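Position 1 is the first residue of the sequence; numbering continues from there. In this text, all values refer to a predicted model and were calculated from it rather than measured experimentally.
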Amino acid sequence: MLLDLQARPILPPDRQVLSEIDWSEVATLWNSNELGVLHDLLNDRWSRLIRNSVLGTRDPEAEFLQGLAFATLALFFTQNRNQEGALLMVDDALIALGKYRPRFMGVQIDPIIGTLQTLRPLIASLPADGENPMFPFVYAKFEHDGALPT
């Protein structure tokens, strides 16, 4: 087996990801409960952002996008009888998003954190495959002003 040890250029991180985020699309998906689709969109942007980045997952914008993806999955999981997964995602989202309060990249963080803080004690005592504890399941709307960091 031969190893290819030739030097290859390290590509810069895909910073264009940030300028491509359409927060109104994110808001529409969040607010219409299209959480699986939204998670895929956020995860795609996150993975493109960390690619070849010196900071990798510690990049602030990448960590923020990952926190939003965690929050999205928490809401998705609790609605789909995966309370154990939802609880894990709530905790991860609260840690990741807490660093960016009250607003980051034009997104209002506190309404998302408030929803997660309300949801957490409700699912903490449920069985792993328990029903969603909130009926009807109403969570904070996604609020943004469309601004990007400069």
Side-chain angles (χ1 to χ4, degrees), residues 10-130 132-150:
I10 296 177
L11 301 173
D14 191 351
R15 301 312 281 184
Q16 192 172 355
V17 168
L18 298 176
S19 64
E20 292 175 0
I21 293 178
D22 179 354
W23 291 118
S24 60
E25 177 185 12
V26 171
T28 297
L29 291 171
W30 176 281
N31 296 339
S32 63
N33 204 33
E34 295 292 331
L35 301 171
V37 175
L38 177 55
H39 173 264
D40 291 347
L41 181 146
L42 293 170
N43 191 54
D44 174 66
R45 300 306 193 278
W46 173 82
S47 64
R48 285 177 44 206
L49 186 60
I50 65 166
R51 188 181 313 138
N52 300 320
S53 173
V54 174
L55 293 175
T57 57
R58 292 185 316 251
D59 180 293
E61 288 88 358
E63 187 177 37
F64 173 68
L65 291 177
Q66 188 175 44
L68 284 179
F70 289 156
T72 301
L73 271 184
L75 299 177
F76 178 82
F77 283 162
T78 196
Q79 293 178 77
N80 289 281
R81 300 179 61 122
N82 181 355
Q83 305 311 331
E84 184 176 33
L87 191 58
L88 290 171
M89 292 296 103
V90 164
D91 290 342
D92 288 345
L94 287 171
I95 291 167
L97 293 176
K99 299 174 186 178
Y100 300 99
R101 293 176 95 170
R103 179 182 163 281
F104 187 73
M105 291 176 57
V107 176
Q108 298 297 324
I109 307 303
D110 286 340
I112 297 169
I113 287 181
T115 291
L116 298 175
Q117 289 173 332
T118 299
L119 181 61
R120 192 188 191 293
L122 297 175
I123 62 176
S125 61
L126 292 177
D129 62 349
N132 181 335
M134 296 170 71
F135 185 81
F137 190 53
V138 177
Y139 50 90
K141 298 292 185 194
F142 190 92
E143 300 174 35
H144 68 94
D145 62 17
L148 290 174
T150 55

| Given R103 and I109, is the side chain to side chain contact (heavy atoms under 4.5 Å, CB included) satisfied, shown in steps? | CA-CA 5 Å; R103 179 182 163 281; I109 307 303; 5.5 Å; no

| query | Is there a side chain to side chain contact (heavy atoms under 4.5 Å, CB included) between D129 and Q83 once you walk through the steps? | reply | CA-CA 6 Å; D129 62 349; Q83 305 311 331; over 6 Å; no

When rounded to the nearest 0.5 angstrom, what distance separates [atom1] in [X] from [atom2] in [Y]?
| X | Y | atom1 | atom2 | result |
| --- | --- | --- | --- | --- |
| W46 | L41 | CH2 | CG | 14.5 Å |
| L97 | D92 | CG | CG | 10.5 Å |
| I112 | L68 | CD1 | CG | 5.0 Å |
| D110 | E143 | CG | CD | 9.5 Å |
| E25 | F142 | CD | CZ | 11.0 Å |
| M89 | E84 | CE | CD | 11.0 Å |

Would you check if the side chain of [X] reaches a backbone N or O of [Y] as a donor-acceptor pair within less than 3.5 Å?
| X | Y | value |
| --- | --- | --- |
| N43 | H39 | no |
| N80 | N82 | no |
| W30 | A140 | yes |
| T78 | A74 | no |

| note | Hits for side-chain contact (heavy atoms from CB on, under 4.5 Å) against D40, two or more places apart or cross-chain, chain-then-number order -> none

Under 4.5 Å between any side-chain heavy atoms of [X] and [Y], yes or no?
| X | Y | value |
| --- | --- | --- |
| L119 | F137 | yes |
| M134 | L122 | yes |
| L75 | T115 | yes |
| L35 | L73 | no |

| said: Can you list everything that forms a side-chain hydrogen bond (donor to acceptor under 3.5 Å, both in side chains) with N33? Sequence neighbours excluded, please. | reply: Q79, Y139

| said: Set out, in order, the CA-CA distance, both residues' side-chain angles and the distance that settles side chain to side chain contact (heavy atoms under 4.5 Å, CB included) for V107 and Y100, then state yes or no. | reply: CA-CA 9 Å; V107 176; Y100 300 99; over 6 Å; no

Identify the two heavy atoms, one from [X] and one from [Y], that lie closest to each other, and give their separation to 0.1 Å.
| X | Y | value |
| --- | --- | --- |
| P133 | I123 | CG-CG2, 3.6 Å |
| A69 | L42 | N-CD1, 3.7 Å |
| G67 | A93 | O-CB, 3.8 Å |

| What do the steps show when you test F70 against L116 for side chain to side chain contact (heavy atoms under 4.5 Å, CB included), and what is the final call? | CA-CA 10 Å; F70 289 156; L116 298 175; over 6 Å; no

| According to the interplanar angle, ranging from 0 to 90°, do the rings of F64 and W23 count as parallel (below 30°), tilted (30 to 60°) or perpendicular (above 60°)? | perpendicular

